[in-house]
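Here's the structure, in structure tokens; my notes come after.
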There are 2 protein chains.
Amino acid sequence: MNETGHDIADALGLLLRRTTRAHLYSLLTEGLGEAVDELTYPVFSGLARTGPCSAADLGREVGLDRSTITRRADRLEHAGLLRREPDPADGRATLLALTDEGQGLVAATRRRLADHIEGSLASWPQEEARTFARLLRRFVDEGLLAAGEPEHPAAPGQGRRGAVDAGR
Amino acid sequence: MNETGHDIADALGLLLRRTTRAHLYSLLTEGLGEAVDELTYPVFSGLARTGPCSAADLGREVGLDRSTITRRADRLEHAGLLRREPDPADGRATLLALTDEGQGLVAATRRRLADHIEGSLASWPQEEARTFARLLRRFVDEGLLAAGEPEHPAAPGQGRRGAVDAGR
DNA sequence: AGATTAGCGTGCGCCGAACACGCTTCGTAC
DNA sequence: GTACGAAGCGTGTTCGGCGCACGCTAATCT
């Protein structure tokens, strides 16, 4: 009998619990000041991944509305971690970019998370840890998201809201 | 250089995105009626795991306030999926329990999720899938949650938002 | 140059979640 | 046996985040 599906489903259920997310984010953002918390960190981290980009693009990246991005960016900007600058190629666009301080902070935070994770599997054989990392990445990239998320198609332009608020 | 920590961190970041959770839950609860959605499903599923228990205990389990549990239980009760019964051992306590219909539905939902997951990694070699399931389970059980738990000393008086009180 | 389109910031309404109150019931002390 | 503190539940209230709609500016097409 193939039980892998159930095993993964159970683990995923635990992983997606609100408390797990809250724990992880509170661990990450502990002592980083009021500006960086569970809410702003995804913007923070996403911006570090994409590099300077517009609020709309960043919204696509992290799955949030432009207005939400704007609000969170306000907080980060006020804390000196994020900078708004006009797009030299497009006068109406505003680029969001991390300041040097912001980049340093996000790098330190990413390292903190990575260290925490490595510490949590310190007892694992090295090879199993690497295997796990590889399989998890593949699972996230190919498996789950591909099936559940349209992601890339820039065609619909506006309405990517599909299943999120379905049933309302 | 050991990059496993960063790899896992990145994958985890994607996994914990709101959209991922929303997509997964909407997929799960699609066509199950108005009572079961992203909001009520954690209560639903958690109750199936714990068996009949009080609202407070279930709140501890899923990391939500008692009042929230009560409201969601109302919806499930109204839909005939959940039953309230007085605790025979304690007159002031109210036990939440799934009805037969509720149990059947949660079982079907779990199977649906498992099938979806298995489908998403259909192209994987059988052995790798099983390995991944085993490692993921271990990672969730031993690694992450265990390390993130010692967050207890939270002052109730403070309006702290992420008052994470992971039972389990 | 005018019209259309794309993009951003902001006010507004909705909804979920925690907090505070009142009521009932259990346990214990006198 | 009675009275008092503690525990638990349900409900009203408040707070905050999020998406949507509006108005404006700038770029692109005809």
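First the proteins, then the strands, lettered A, B, ... as listed; each starts at 1.
Contact between the side-chain N/O atoms of A:Ser54 and the OP1/OP2 oxygens of C:dC8 is found at a separation under 4.0 Å. Note on A:Arg84: a side-chain N or O is less than 4.0 Å away from OP1 or OP2 of C:dG9. Distances shorter than 4.0 Å separate none of the side-chain N or O atoms of A:Arg66 from OP1 or OP2 on C:dT10. OP1 or OP2 of D:dG19 lies within a sub-4.0 Å distance of a side-chain N or O belonging to A:Thr68.
The 5' end of DNA chain D is approached more closely, in terms of each residue's nearest nucleotide, by A:Leu39 than by the other of A:Leu39 and A:Asp90.
Applying a 4.0 Å cut-off to non-hydrogen atoms, the residues of residues 70-78 of chain A that approach DNA chain C are A:Thr70, A:Arg71, listed by residue number.
No side-chain donor-acceptor contact under 3.5 Å links A:Thr68 and A:Asp65. Using modelled atom types and a 3.5 Å distance limit, the side chains of B:Asp7 and B:Thr4 yield no donor-acceptor pair. Under the 3.5 Å distance criterion, with hydrogens and angles disregarded, a donor-acceptor pair is assigned to the side chains of B:Ser54 and B:Asp57.
Under the 4.0 Å criterion applied to side-chain N and carboxylate O atoms, B:Arg134 and A:Glu128 are assigned as salt-bridge partners.
Counting atom types as modelled, B:Arg92 pairs a side-chain N or O with a base atom of D:dA7 as donor and acceptor under 3.5 Å.
Counted within 6.0 Å of CZ on A:Arg137, heavy atoms from surrounding residues, nucleotides or ligands total more than 12; the atom is thus considered enclosed.
Rounded to whole Å, atom P of D:dA7 lies 17 Å from atom CG of B:Asp87. Separating the CG atom of B:Leu58 from the C1' atom of D:dG10 is a distance of 16 Å, rounded to the nearest angstrom. Residue B:Asp65 contributes atom CG, which lies 17 Å from atom P of D:dC15 at whole-angstrom precision. We find that CG of B:Leu95 is positioned 11 Å from P of D:dG10, with the value rounded to whole Å. Whole-Å rounding puts the A:Ile69 CD1 to D:dC18 C1' distance at 11 Å.
Ranking D:dA27, C:dA18, D:dA7 by closeness to the B:Leu64 side chain, first place goes to C:dA18. Set against D:dC20, C:dA18, D:dG17, the side chain of A:Ser67 has D:dC20 as its closest nucleotide.
Looking at residues two or more places apart in sequence or on another chain, you find a side chain to side chain contact (heavy atoms under 4.5 Å, CB included) between B:Asp90 and B:Asp87, B:Arg92, B:Ala93. For B:Phe132, the ring-ring contact (aromatic ring centres under 6.0 Å, His included) partners at least two apart in sequence or on another chain are A:Phe139, B:Trp124.
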